[in-house]
2 protein chains.
Amino acid sequence: MASIREVAKRAGVAACTVSRVMNGTASVAPETRKKIEYAMRELDYIPNELARGMFRQRAGIVAMLVPSIRHPFFASLADCIENQLFFRGYKLMLCSTSGETEREREYLGFLKSNIVDGIIMAVSSLDREEYAALEKPVVMLDYYVNDSIPLVTADHRMGGKLAAEEFIRNGCRLVLHLCDEEKADRVVSFESHLELERILGEHGIESRRISISWNSPDMEVYTEEARRLLREYPEADGVMAADMVAAAFVNAALESGKKVPGEFCAVAFDGTYAADMNGRELTSVVQPVEKMAEKVVEIMARLLEKQRPKETDVRIPVTLRYGKTT
Amino acid sequence: MASIREVAKRAGVAACTVSRVMNGTASVAPETRKKIEYAMRELDYIPNELARGMFRQRAGIVAMLVPSIRHPFFASLADCIENQLFFRGYKLMLCSTSGETEREREYLGFLKSNIVDGIIMAVSSLDREEYAALEKPVVMLDYYVNDSIPLVTADHRMGGKLAAEEFIRNGCRLVLHLCDEEKADRVVSFESHLELERILGEHGIESRRISISWNSPDMEVYTEEARRLLREYPEADGVMAADMVAAAFVNAALESGKKVPGEFCAVAFDGTYAADMNGRELTSVVQPVEKMAEKVVEIMARLLEKQRPKETDVRIPVTLRYGKTT
DNA sequence: TTGTAAGCGTTATCAC
DNA sequence: GTGATAACGCTTACAA
């Protein structure tokens, strides 16, 4: 691997001049430039980004922490984010915590080690203090830390409202809604559940909040759980849950002879391709993944350039997409 | 960010002694060690990996190139690979080419720029020569380049055989099978199609090979295409395709009043969670993602350590999982 | 056991 | 317009 000095020697100039040609940081005589460009081509010279990064103290890499890459929602989001980062010249390091707190912590350490320049958090199992202490570019998805750490999230309250209204329109009497475990009350997405409960309550409709872990998406597990819950709540006639879980419920309901819709309604939360996979497309609250990715990366880019982000609390409207389950 | 020199100054020693403590590269007097460890803690010192990488000429990062992160198969594979890399102290940079050749080429450049130490290719739209010219750790999934670039792949021939036998058992007469575009004949996965055709042919069963692009998985597109093809081949009574595509076919077939199975059979290739999402789980040829990831990373790790890999052509057996579509 | 000095490959500063 | 020189933070001879 040719170094800048070898190129310089070959072109009969000093290393810094080669650098100037590459970066256009100063004017170089046309003739000198020619010689240098020739030498570069001849040696098939490619600058060493590791050395550049070392000098500038930046790696050009942004990490994204997710519970599991396989999860359709995070996979979709990661895809969009990678794309946005790419256009701005950053690379994506994708880190799967598998729901392990220790692993999340280890990944966070990448910031201090200068392995990455910033982190996008699509997972959050630590205490606020730990995130607050990072003092480096961090953008949270779905988890409020404090006013100085930007937050981007879908408008979950609105999602809960849209779902509730749909259940009401469908005349449901008992709606199950599944959220992510105990820590649920720390994330913004929990608002959809609160809002759902509130509105349904106002209309005299019952609801049951149920915890489920979805660190690693597995239809078999979900389906088994859905069957169990439908046995436990035989009068349930509605469910709100993440795409795959909602799909599992629809399958289980059909299995047990219920009509969907009619006797059982489902509203999928997220609205990724997973909500479409079922023969009957699921009615879903769609998180605008693309737009979220744009916002996240826009903010991250500003932070990386040491600028203050334009917004630090972005709530992006969701929409209700009508499918065949309500 | 404290540097090693600051730690050294604080502990009243030279920088190299601090380095020795961190890396255990030489014996250090217990007392000195104490002082250094104390200073490190006091300054909250974390070594700068960028500088370390620069010295060792390695980033500690492996890139994986995929057509789309969202695709269930690649998402699953990436998840396992990230996990395997993590245990060996490497990080994963996930790169989505979106099917664009130029973008693939740009990502490959990461090797020469020292941005990553190795690349795992789950995509391949370039000519063999370009891969052969890389001269750095590269492991191919599903695409044979030459004997010196290791290849890991599921045994697609076996997959084709298993699928064919299943169609035969089901008494199918015309089987559609969908593969990825023109370049299809360059990847090992194409063998499943050849084998399917061969065996079906031997049994006097017709088959049609159909090209489809799946760079970005989209159920709507697939379903529309499935409907169209079922209209074009009304006598079709079997299909082999990637999970999501197979699911789309099952949905379309049911829509058009066919019984599944009975009048129409489907064998999904891949067997990710996507094959389970449909209420009727799809009969599928399961690629052992976990095992593939293990092999890939094992080989990559050896290459990164400048050792010769134990195997350079790994074909991992697939299995047939019985679902409700045959 | 420890320190000095050089170097990894790049770029910025300051002369000339 | 160009070249020396130093610096980014770390590690490894080589010396002491």
Side-chain angles (χ1 to χ4, degrees), chain A residues 1-40 43-61 89 109-117 136 306, chain B residues 1-40 43-60 89 109-117 136:
Chain A
M1 289 294 95
S3 80
I4 196 172
R5 264 184 266 272
E6 300 178 54
V7 175
K9 186 184 288 179
R10 185 135 192 154
V13 299
C16 58
T17 311
V18 178
S19 172
R20 289 196 262 257
V21 168
M22 288 195 297
N23 303 295
T25 43
S27 53
V28 174
E31 235 182 292
T32 320
R33 150 168 280 121
K34 272 260 170 70
K35 278 191 299 183
I36 292 175
E37 279 166 352
Y38 181 72
M40 293 208 294
L43 292 174
D44 188 24
Y45 169 70
I46 311 253
N48 184 329
E49 292 296 333
L50 224 47
R52 283 185 155 173
M54 150 112 189
F55 184 84
R56 319 195 163 113
Q57 291 302 342
R58 42 153 273 167
I61 303 175
F110 287 4
L111 272 181
K112 287 212 161 188
S113 325
N114 288 289
I115 292 171
V116 301
D117 304 325
K136 288 242 186 162
K306 307 256 182 255
Chain B
M1 288 293 94
S3 79
I4 196 172
R5 264 184 269 272
E6 301 178 53
V7 175
K9 187 185 287 182
R10 183 131 190 159
V13 299
C16 61
T17 311
V18 179
S19 170
R20 288 196 263 256
V21 168
M22 290 195 297
N23 303 296
T25 42
S27 54
V28 174
E31 237 183 292
T32 321
R33 152 169 277 124
K34 274 257 169 70
K35 280 192 294 184
I36 291 175
E37 279 166 352
Y38 182 73
M40 292 207 294
L43 293 175
D44 187 25
Y45 170 70
I46 311 253
N48 184 329
E49 292 297 331
L50 224 45
R52 282 185 155 173
M54 150 112 187
F55 183 85
R56 318 196 164 115
Q57 292 302 348
R58 44 153 272 166
F110 286 5
L111 273 182
K112 285 210 162 190
S113 323
N114 289 284
I115 292 171
V116 301
D117 305 325
K136 288 240 185 166

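Computed from a predicted structure; not experimentally measured. All chains are named by letter (A, B, ...) in the order of the sequence lines, taking the proteins before the strands, and each is independently numbered beginning at 1.
At the phosphate of C/dG9, neither OP1 nor OP2 sits under 4.0 Å from any side-chain N or O atom of A/Arg5. One finds no side-chain N or O of B/Ser3 lying less than 4.0 angstrom from the OP1 or OP2 phosphate oxygen of D/dG9. Contact annotation: A/Asn48 does not reach the phosphate of C/dC8 (side-chain N/O to OP1 or OP2, under 4.0 Å). Between A/Thr17 and the phosphate of D/dG3, there is a side-chain N or O to OP1/OP2 separation shorter than 4.0 Å.
You'll find the side chain of A/Ile61 stays beyond 4.5 Å of the side chain of A/Ile115, heavy atoms only. A/Met22 places a side-chain heavy atom less than 4.5 Å from the side chain of A/Met40.
Rounded to an integer number of Å, the gap from A/Arg20 CZ to D/dT5 C1' is 12 Å. Per the geometry, CD1 belonging to B/Ile115 stands 16 Å off P belonging to C/dG9, to the nearest Å. Between the CD atom of A/Gln57 and the C1' atom of D/dA7 there is a distance of 11 Å, given to the nearest Å. One can place CD of B/Glu49 at 15 Å from C1' of D/dC8, the figure rounded to the nearest angstrom. We find that CG of B/Asn23 is positioned 13 Å from P of D/dA13, with the value rounded to whole Å.
Looking at heavy-atom distances under 4.0 Å, A/Met22 makes contact with sugar-phosphate atoms alone, never a base. No contact: B/Asn114 has no heavy atom under 4.0 Å from any strand.
The listed nucleotides are D/dT11, C/dT1, C/dC8; the one nearest the side chain of B/Ser27 is C/dT1. Distance from the side chain of B/Ile4 is smallest for D/dC10 among the nucleotides D/dC10, D/dA4, D/dA7.
Between the side chain of B/Asn114 and the backbone N or O of A/Glu49 there is no donor-acceptor pair closer than 3.5 Å. B/Lys112 places no side-chain N or O within 3.5 Å of a backbone atom of A/Ile46 that could act as its donor or acceptor partner. B/Ser3 places a side-chain N or O within 3.5 Å of a backbone atom of B/Arg5 that can act as its donor or acceptor partner.
Comparing B/Thr25 and B/Met54 along DNA chain D, the residue whose closest nucleotide (by nearest heavy atom) sits nearer the 5' end is B/Met54. Residue whose closest nucleotide on DNA chain C sits further toward the 5' end, between B/Ala51 and B/Ala14: B/Ala14.
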